[in-house]
Each structure stands twice: as structure tokens, then as C-alpha cells.
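Here is the structure we will look at, set down as C-alpha cells.
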Amino acid sequence: SLARKLSESRNLDSALDEIIETFSKELGVSRYTFFMYDTNEKKGYNAFSSNIFSPEKINNLNLKNDSEIVGIVSNIPGVYNIEGFRQIRELSQQLTNDELGFLKEFIVVPFINLNWLIGMLVVHETTFPWTNTNREIAVGISEVSAPVIANVMILKEKETIFRDPFNPI
């Protein structure tokens, strides 16, 4: 099961690989971008992985804390289909018209742990239209996965702190 596989994850890459694989197999997600909270700058969410954008684009793609998209999805678990996403200023400033054209949909599945939006999966394309049952499954996957992602982020931050020889901790 996903929970069992995630319990073995000790880094973000392996945890997200399991999550993306589950979304692909169970919900037909074929194109996506995953945004993670930036624990260093604490100013927003950076693209962590994507199978639609180049690595250079991923490194520069982010959503600020006060972003319209973050404001919509940050409080309540669910599945949010963002209509008119091409007109959202924050996206149109970071993506070219061609890149925006590649995005068929902008369905956001937030990963919320203890009322903290730790990340979000943005689904750009699925192999079949989602029903209400598919949406409930997506929420279930995010609710099971969010605590694991949060714990892995905390482990990473702890390791970073203890590696710094000048840190007073």
C-alpha cells in the first residue's frame, strides 16, 4: 500500500516518486508539477518536480505565499480545478505563452499537514476525466501523504542544522 511504501521514505525524492506513481496508476495523471514549501526562504512554494517543464524552468518556477493560487487551496483539503489559470498574473509572468499552451488543466491537490500547506500537486493532464470518486481518492492520497512529506522535510532541516559546525544547537 502507499502508506507502507511512504513509511520507508527518508528523502523527498523517494516519497514523491511513490506519490506520483500512485497518482499515475490510480488516477491517470500523465502531466504534473509538484510544488513544495521552501523551508529556507519561507516565501512560498517552489516547483520541486515536473514532467512537463524543463529542469531550468522548474528551478525558476514558484508561487509566493500571497499567491492567488495558494490562497485558494491553502486551508481545506480538496481538489481545486483552477479555471482561467492562463490569466493568473503570477503564472503568465513566469511561463511563456507556449508553455501555458501545453497545460491542458490546472487541477490543484493540496498536501496539508496540521493546517500547514506543505506542498501541492498540480495536475496538467489526465488520461481520463476525474469523477467525484476520483477526486475523493486524490484527497485521500494527499491526506495520507502529507504527514510523511512534512516529516521528511523536518528530517532534512534537522540534518542541515547539525551539519553546520557554527550552529549553536
Side-chain angles (χ1 to χ4, degrees), residues 1-7 9 11-39 42-53 57-58 61-88 90-92 94-95 99-100 102-154 156:
S1 75
L2 175 63
R4 191 172 303 118
K5 290 178 183 176
L6 285 175
S7 69
S9 298
N11 63 55
L12 285 174
D13 288 331
S14 64
L16 287 179
D17 286 347
E18 292 297 336
I19 292 166
I20 296 303
E21 182 179 327
T22 301
F23 269 93
S24 297
K25 283 182 181 176
E26 302 296 325
L27 299 169
V29 172
S30 56
R31 302 247 185 244
Y32 70 89
T33 302
F34 200 97
F35 288 88
M36 293 291 301
Y37 182 69
D38 181 2
T39 56
K42 297 181 177 21
K43 293 181 181 177
Y45 300 82
N46 295 331
F48 186 80
S49 69
S50 179
N51 67 353
I52 196 166
F53 297 118
K57 181 58 73 175
I58 292 171
L61 187 58
N62 61 65
L63 299 171
K64 303 284 186 229
N65 283 332
D66 60 354
S67 159
E68 181 180 340
I69 295 167
V70 171
I72 292 170
V73 306
S74 64
N75 295 321
I76 301 170
V79 175
Y80 300 87
N81 189 4
I82 309 293
E83 300 291 334
F85 63 89
R86 289 179 180 91
Q87 283 74 42
I88 295 176
E90 189 169 24
L91 293 177
S92 63
Q94 297 183 64
L95 300 173
E99 290 166 335
L100 284 169
F102 289 135
L103 308 180
K104 293 186 178 178
E105 300 177 281
F106 206 88
I107 301 170
V108 182
V109 180
F111 286 68
I112 299 172
N113 184 55
L114 301 173
N115 295 321
W116 172 41
L117 178 65
I118 56 168
M120 60 192 108
L121 175 67
V122 180
V123 178
H124 304 300
E125 187 177 342
T126 59
T127 56
F128 54 86
W130 281 4
T131 63
N132 287 337
T133 302
N134 296 125
R135 292 175 187 280
E136 289 175 23
I137 291 169
V139 171
I141 293 169
S142 73
E143 288 176 335
V144 166
S145 305
V148 174
I149 294 172
N151 286 338
V152 171
M153 290 169 73
I154 291 168
K156 180 181 172 192

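Note: I69 CD1 to E90 CD = 6.5 Å, rounded to the nearest 0.5 Å. The CG atom of L63 sits 12.0 Å away from atom CG of D38, with the distance rounded to the nearest 0.5 Å. For the atom pair CG of N113 and OG of S145, the computed distance is 11.0 Å after rounding to the nearest 0.5 Å. Summarising the geometry, atom OG1 belonging to T33 is positioned 8.5 Å from atom CG belonging to L121; distances are rounded to the nearest 0.5 Å. Once rounded to the nearest 0.5 Å, the distance linking CZ of F23 with CD of E18 reads 13.0 Å. In this structure, CD1 on I137 lies 7.0 Å from CD on E26, to the nearest 0.5 angstrom.
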Derivation of the side chain to side chain contact (heavy atoms under 4.5 Å, CB included) call for V29 and I20: CA-CA 8 Å; V29 172; I20 296 303; over 6 Å; no
Verdict with reasoning, Y37 to W116, per side chain to side chain contact (heavy atoms under 4.5 Å, CB included): CA-CA 10 Å; Y37 182 69; W116 172 41; 3.7 Å; yes
Stepwise side chain to side chain contact (heavy atoms under 4.5 Å, CB included) test for V109 and V139: CA-CA 7 Å; V109 180; V139 171; 5.7 Å; no
W130 and I107: CA distance, side-chain angles, deciding distance, side chain to side chain contact (heavy atoms under 4.5 Å, CB included) verdict: CA-CA 10 Å; W130 281 4; I107 301 170; 4.0 Å; yes
N11/S14 under side chain to side chain donor-acceptor pair (under 3.5 Å): CA gap, chis, key distance, verdict: CA-CA 6 Å; N11 63 55; S14 64; 3.2 Å; yes
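Taking every heavy atom of both residues into account, Y45 and L117 meet most closely at OH-O, 2.8 Å. Of all heavy-atom pairs spanning E125 and E105, the tightest one is CA-OE1, 4.0 Å. Between S30 and T127, the shortest heavy-atom contact is CB-CG2, 4.3 Å. Scanning all heavy atoms of the two residues, the minimum distance from L16 to M36 falls at CD1-SD, 4.3 Å. Closest approach of H124 to F53, counting heavy atoms only: NE2-CE1, 4.2 Å. Summarising the geometry of S49 relative to Y32, their closest heavy-atom pair is OG-CE1, 3.7 Å, with the distance given to 0.1 Å.
Each of I112, I149, T39 was evaluated against I118; a single residue qualifies, I149, per the side-chain contact (heavy atoms from CB on, under 4.5 Å) test. Test L61, V122, I58 against S50 for side-chain contact (heavy atoms from CB on, under 4.5 Å) and you get one pass: I58.
The environment of CD1 in I76 is sparse: at most 12 heavy-atom neighbours from other residues, nucleotides or ligands sit within 6.0 Å.
Using modelled atom types, one finds no donor on one side chain facing an acceptor on the other under 3.5 Å when comparing N62 with N46.
Residues D13 and F48 form a side-chain contact, since some pair of their non-hydrogen atoms from C-beta on lies under 4.5 Å apart. Counting only heavy atoms from C-beta outward, the side chains of T126 and V123 approach each other to under 4.5 Å. Using a 4.5 Å cut-off on side-chain heavy atoms (C-beta onward), V108 and F35 make no contact.
Between the side chain of N115 and the main chain of N75, no donor-acceptor pair closer than 3.5 Å is present. Listed for the K25 side chain is no donor-acceptor partner under 3.5 Å among the backbone atoms of T22.
Here side-chain hydrogen bond (donor to acceptor under 3.5 Å, both in side chains) pairs that include residues 132-144, with residues two or more places apart or in two chains, are T131-N134.
If you look at F111 and F34, their ring centroids are closer than 6.0 Å.
Remark: E99 engages K57 in a salt bridge, criterion side-chain N to carboxylate O under 4.0 Å.
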